Amino acid sequence: MSPNCVASPPPQVLSGCAIIVRGQPRGGPPPERQINLSNIRAGAMARRAAQSQPDAKDTPDEPWAFQAREFLRKKLIGKEVCFNVEIKTALGREYGMVYLGRDTTGENLAESLVNEGLATVRREGIRGNNPDQVRLCEMEDQSKASRKGMWSEGGGAHTIRDMKYVIENPRHFVDAMHQKPVNAIIEHVRDGSVVRALLLPDHYLVTIMLSGVKCPSFKREPDGLETPEAYAAEAKFFTESRLLQRDVQIIMESCPNQIILGTIMHPNGNITELLLKEGFARCVDWSMAVYTGGAEQLRAAEKSAKERRVRIWKDYVAPTANIDLKDRQFVAKVMQVINADAIVVKMNSGENKTVHLSSIRPPRIEGEEKNKDKDKRFRPLYDIPYMFEAREFMRKKLIGKKVNVTVDYIRAATGAGETTPAFSERTCATVSIGGINIAEALVSKGLATIIRYRQDDDQRSSHYDELLAAEARAIKNGKGLHSKKEVPIHRVADISGETQKAKQFLPFLQRAGRSEAVVEYVFSGSRLKLYMPKETCLITFLLAGIDCPRGSRNTPGGVQTADPFSNDALVFTRDLVLQREVSALGGSVSSLSSRRSSQALCVLVLWSTRRSAAALTLISCDEVWANYEEKPVEEVVQMKEEKERVANYKAAYVTEISDSMHFYAQDVETGAQLESLMETMRAEIAAQPPVEGSYAPRRGDFCIATFADGEWYRARLEKVESPSKVHVFYIDYGNREVVSAVRLAAMPPAFSTRVLPAQATEYTFAFIQVPQDDDIRAEVVDSLVRDIQNTQCLLNVEYAGATCPHVSLQFGDTKDDVGLGLVKEGMVMVDVRKEKHLAKMVNEYLTGQESAKSARLNIWRYGDFRADDADEFGYRR
């Protein structure tokens, strides 16, 4: 920079008389220079004692030092300045004049500071022939006369900040902020994602790490020097040029391991998302969950940088870059569930393909547990806790159904290690059915866990953040693998290879008639292995009355050649029944005894049909199917019942809403009677107050009790734990309280329930299900309290319930249905009633539910989690 230099906006104001200036950036961060203002002196800022010197003490602000720094900061940050260097000392310190703007006609900052009484003039170096220095002295004299700044009365002790460098309990400090924005000034940028901020107005100096991201950093070498990672300096400059010494708001979101995570909000945008979008940062999984803006925003910004291959992503290659577009996303039919993270699907081309679920790990057992009983044959499906439940969950949901497969990455083949087996190349994908991510459903039920990756490992699920959230829910609710209960044990007897045991079991199977089973394995077209859930055993099963071509097999004389069509028969049977639920009937499998299946690829063996109940059917297969014509399916038209529901809405005043979503309401028509009774009762009690402590409470008694407002109300005693803990229910308002017996008195006969019955009637909402999850139910209750408690509504009884009537409720002014509003907001699910006269009302609720589901509102934010009435996503108990 030349003696008369124009600098870019100063990145930092060190004090009231020193600033850092930079030139214009060209191809990277520009060099910095410190310029000290000539002829003036401002107070020194507070400084923390060196950590390496335990006996050193913190240095506080000098009076008016912070105000002088703030005066300059607000004038300079973000604006261009012009400066000239007058003196340069032997130590390299530069002194000069700084002007606001691009030339020396702008505001002289030294004069402005002196004029405001925020700096003093160094008169020892003043020359009488220098008009600029003379003007500084005159301005100082005027400031003294006007008692500005440091020349005001009081000495400036009130301007010294109470700096706080250490927070004793950072986690409590962050929690106390309740994620509310806090005003702050960014004082230092360590790297692109870590800053030092001064929190206002309490002057806490804290280190903030941006939630969800990490920028390249500076590594400290053993010799004390710092080595920047690639793009570390550029990322730091990017953050400095936008945030350093700017007024911002910080949302402190979490504090793991004494590190405060937060989001910095600037009027011009969110620095976290900007860093990602410009390729200066990458997402980090461990802190992304606390980011208040949502992980989707961060992933989208990172994806944009990856696609443009900017900066740290310049050499980025997408995991699916080498996969044809048609192979990245396709629809296929599930033929087999291998285990909790792998399935076999049938493509449209007829080819079978093994697909692994991305980023999840099935249940597994540790080495010591596995080797506990070496004499026992280890069977992973039954011996690993929750492996069977995971397999069964996927089998029931997927087998025989079409799913959407989105390939996330291809995991390369790996060789065998000392403790790990070899793995072939694996296609890892997100598999969904009906909008439900199967991997997320497994994790939510605690039947799988999430694989943790290195930050530079991009081969992961495209819905990785949803998987992490699902695992957090499963841990919170103690589901499956995260449960503290005893693990389920499956004692399954395998008699498929033991002739003696099979003969003993056969009579039981024959006497049972029809037995439910699951086909676990297909050996050939007519030879199967079945799992019998009721008997908890595995058996080998041959189809009676038929024999299929045999496949190749090893014999003592060598390999026996396969019969013609043996593989076709095997594939046919496997596609038809593998892992399906079937019925075993007297030595045959009823689901395979259809004429079409039997005739397809099987050779009829007459001698084997004599003991089969399906003998005649099998023999006549050829004749039956020769002239087979498929009958048209008759369309059944549902007759609509003319009966309609009766809507008889009456005015009611909602007084109390319980945590179970039941509510209490008063009949508006009897409201005047209740008010009159209350006034008369209180007047009589005031005239003849009861003797304190004279009443002996007993459960079930009606009495009167004083509420928190000091007034008397009618009540019923529900429980008496002790004289100091009596549970009362206020019969006219529906609320409950635990009070001392001294606040109770006998109910005067003139005000008993015979004179006026209890006015609070309990109801619950019709057509909606009460959420089982405590957090979701609490949100609904809070919404109801805000909307209808202590308001007049319209109430109609729809149907009776086990404990109270189920009603529809309308707002008194708009006549909008309260329950339907909850459904449309996605806060509750519809309870589908089967009564014909309620069909119209139920359909209206279902329409509202579909609208909320399409908009992904509240409980539907992860899609439809109710497939086949299962609780895939852990929202139920």
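Everything quoted here is computed from the prediction, not taken from an experiment. What you see below is based on every heavy atom in this structure, not just the backbone, and it leaves out hydrogens, waters and symmetry mates.
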**Message:** Between Lys397 and Ile433, is there a side-chain heavy-atom distance shorter than 4.5 Å?
**Reply:** no

**Fill in**
dist Leu467:CG -> Thr430:OG1 (nearest 0.5 Å) comes out at 7.5 Å

**Item:** Under 3.5 Å donor-acceptor, Arg699 side chain and Val720 backbone
**Value:** no

**Message:** Under the side chain to side chain donor-acceptor pair (under 3.5 Å) test against Arg736, which residue among Glu718, Glu656, His727 passes?
**Reply:** Glu718

**Complete:** Heavy-atom nearest pair, Ser287 first then Gly212, reads OG-N, 2.8 Å

**Request:** Side-chain contact test, heavy atoms from C-beta onward, threshold under 4.5 Å: evaluate it for Lys725 versus Lys719 and give yes or no.
**Result:** no

**Request:** Determine the minimum heavy-atom distance between Ser783 and Met827, stating which atoms define it.
**Result:** CB-CE, 4.1 Å

**Fill in**
With Ser444 as partner, the option from Glu471, Lys479, Arg473 fulfilling side chain to side chain donor-acceptor pair (under 3.5 Å) is Arg473

**Asked** Would a distance-only check, ignoring hydrogens and angles, find a side-chain to backbone donor-acceptor pair under 3.5 Å from Gln688 to Ala686?
**Response** no

**Item:** Shortest non-hydrogen contact between Asp667 and Lys650, atoms and distance
**Value:** OD2-NZ, 4.4 Å

**Message:** Looking only at side-chain N and O atoms, does Glu389 offer a donor or acceptor that is under 3.5 Å from a partner on His490?
**Reply:** yes

**Request:** Check step by step if ring pair (Phe, Tyr, Trp, His ring centres under 6.0 Å) holds for Phe729 and Tyr664.
**Result:** CA-CA 12 Å; Phe729 171 70; Tyr664 291 84; 5.5 Å; yes

**Val823 and Asp817: CA distance, side-chain angles, deciding distance, side-chain contact (heavy atoms from CB on, under 4.5 Å) verdict** = CA-CA 10 Å; Val823 172; Asp817 192 312; over 6 Å; no

**Message:** Run the salt bridge (charged side-chain N to carboxylate O under 4.0 Å, His left out) test on Arg682 and Glu711 for me, step by step, so that the C-alpha distance in whole Å, both residues' side-chain angles and the decisive distance to 0.1 Å come before the verdict.
**Reply:** CA-CA 8 Å; Arg682 289 165 183 165; Glu711 297 288 354; 3.6 Å; yes

**Complete:** Here the pair of heavy atoms bringing Pro748 nearest to Glu684 is CB-OE2, 4.1 Å

**Request:** Start with the C-alpha distance between Phe767 and Tyr799, add both sets of side-chain angles, then the distance that settles ring pair (Phe, Tyr, Trp, His ring centres under 6.0 Å), and finish with yes or no.
**Result:** CA-CA 10 Å; Phe767 311 119; Tyr799 50 89; 5.8 Å; yes

**Prompt:** Is the backbone N or O of Gly262 less than 3.5 Å from a side-chain atom of Ser211, with the two atoms forming a donor-acceptor pair by type?
**Reply:** yes

**Prompt:** If only atom types and distance count, is the side chain of Lys534 paired as donor or acceptor with the main-chain N or O of Met532 below 3.5 Å?
**Reply:** no

**Request:** Kindly state whether the ring of Phe173 and the ring of Tyr204 have centres lying under 6.0 angstrom apart.
**Result:** yes

**Prompt:** So do Met681 and Arg714 actually touch side chain to side chain, heavy atoms under 4.5 Å?
**Reply:** yes

**Asked** Do the numbers put Arg743 on top of the ring of Tyr695, so that NZ or CZ is under 6.0 Å from the six-membered ring centre and no more than 45° off the axis?
**Response** no

**Prompt:** Does the side chain of Ser254 come within less than 4.5 Å of Val174's, by heavy atoms?
**Reply:** no

**Item:** Nearest-0.5 Å distance that lies between atom CD1 in Ile360 and atom OH in Tyr464
**Value:** 12.0 Å

**Message:** Between Glu581 and Lys396 (salt bridge meaning N to carboxylate O under 4.0 Å), is one present in this structure?
**Reply:** no

**Asked** Counting N and O atoms only, with roles assigned by atom type, does the side chain of Arg716 sit under 3.5 Å from a partner on the main chain of Ile731, one being a donor and the other an acceptor?
**Response** no

**Message:** Tell me whether Arg299 is salt-bridged to Glu296, with the criterion being a basic N under 4.0 Å from an acidic carboxylate O.
**Reply:** no

**Fill in**
OH (Tyr649) and CG (Leu809) are apart, to the nearest 0.5 Å, by 8.5 Å

**Asked** For residues Glu253 and Thr263, is any side-chain donor paired with an opposing acceptor at under 3.5 Å?
**Response** yes

**Prompt:** Would you call the rings of Tyr730 and Phe707 parallel, tilted or perpendicular if under 30° counts as parallel and over 60° as perpendicular?
**Reply:** perpendicular

**Message:** To the closest 0.5 Å, what do you measure between OG1 (Thr791) and CG (Asp813)?
**Reply:** 8.5 Å

**Message:** Keeping Lys840 on the side-chain end and His837 on the backbone end, is there a donor-acceptor pair under 3.5 Å?
**Reply:** no

**Request:** Starting at CD1 of Ile768, measure out to OG of Ser808 and round the result to the nearest 0.5 Å.
**Result:** 11.0 Å

**Item:** Note, Leu468 side chain near Met288 side chain (heavy atom, < 4.5 Å)
**Value:** no

**Asked** Short question: side chain of Thr847, backbone of Asn843 - any donor-acceptor pair under 3.5 Å?
**Response** yes

**Prompt:** If you draw a 6.0 Å radius around CG in Asp709, do more than 12 non-hydrogen atoms from other residues or ligands fall strictly inside?
**Reply:** yes

**Message:** Using modelled atom types and a 3.5 Å cut-off, is there a donor and acceptor pairing between side-chain atoms of Arg777 and backbone atoms of Asp659?
**Reply:** yes

**Fill in**
The side chain to side chain donor-acceptor pair (under 3.5 Å) partner of Gln759 among Asp732, Thr655, Thr670, Thr753 is Thr670

**Message:** Could you check whether any side-chain heavy atom of Ile685 comes within less than 4.5 Å of a side-chain heavy atom of Phe751, counting everything from C-beta outward?
**Reply:** no

**Prompt:** Counting only heavy atoms not in Glu669, do more than 12 sit closer than 6.0 Å to its CD atom?
**Reply:** no

**Request:** Provide the closest heavy-atom pair for Met387 versus Pro362 in the form atom of the first, atom of the second, distance.
**Result:** CE-CB, 4.3 Å

**Request:** Verify, without hydrogens or angle tests, whether Asn796 (side chain) and Asn648 (backbone) share a donor-acceptor contact under 3.5 angstrom.
**Result:** yes

**Short side-chain to backbone donor-acceptor contact, Tyr386 and Gly480, under 3.5 Å** = yes

**Asked** Between atom CG of Leu442 and atom CE of Met394, what is the distance when rounded to the nearest 0.5 Å?
**Response** 5.5 Å

**Asked** Between Asp782 and Arg786, is a side-chain contact (heavy atoms from CB on, under 4.5 Å) present by the stated rule, with each step listed?
**Response** CA-CA 6 Å; Asp782 289 344; Arg786 289 193 302 270; 3.9 Å; yes

**Item:** Derivation and outcome, side-chain contact (heavy atoms from CB on, under 4.5 Å), residues Met209 and Ile260
**Value:** CA-CA 6 Å; Met209 179 179 289; Ile260 297 179; over 6 Å; no

**Asked** Can a donor-acceptor pair be found between the side chains of Asp816 and Gln810 at a distance below 3.5 Å?
**Response** no

**Min side-chain heavy-atom separation Met252-Ile208 under 4.5 Å** = yes

**side-chain contact (heavy atoms from CB on, under 4.5 Å) assessment of Asp465 paired with Leu298** = CA-CA 10 Å; Asp465 299 314; Leu298 301 187; over 6 Å; no

**Prompt:** Taking all atoms of both residues into account, what is the closest heavy-atom pair of Asn858 and Glu825, and its distance?
**Reply:** ND2-O, 2.6 Å

**Prompt:** Do Met265 and Thr292 have side chains that get closer than 4.5 Å, going by heavy atoms?
**Reply:** no

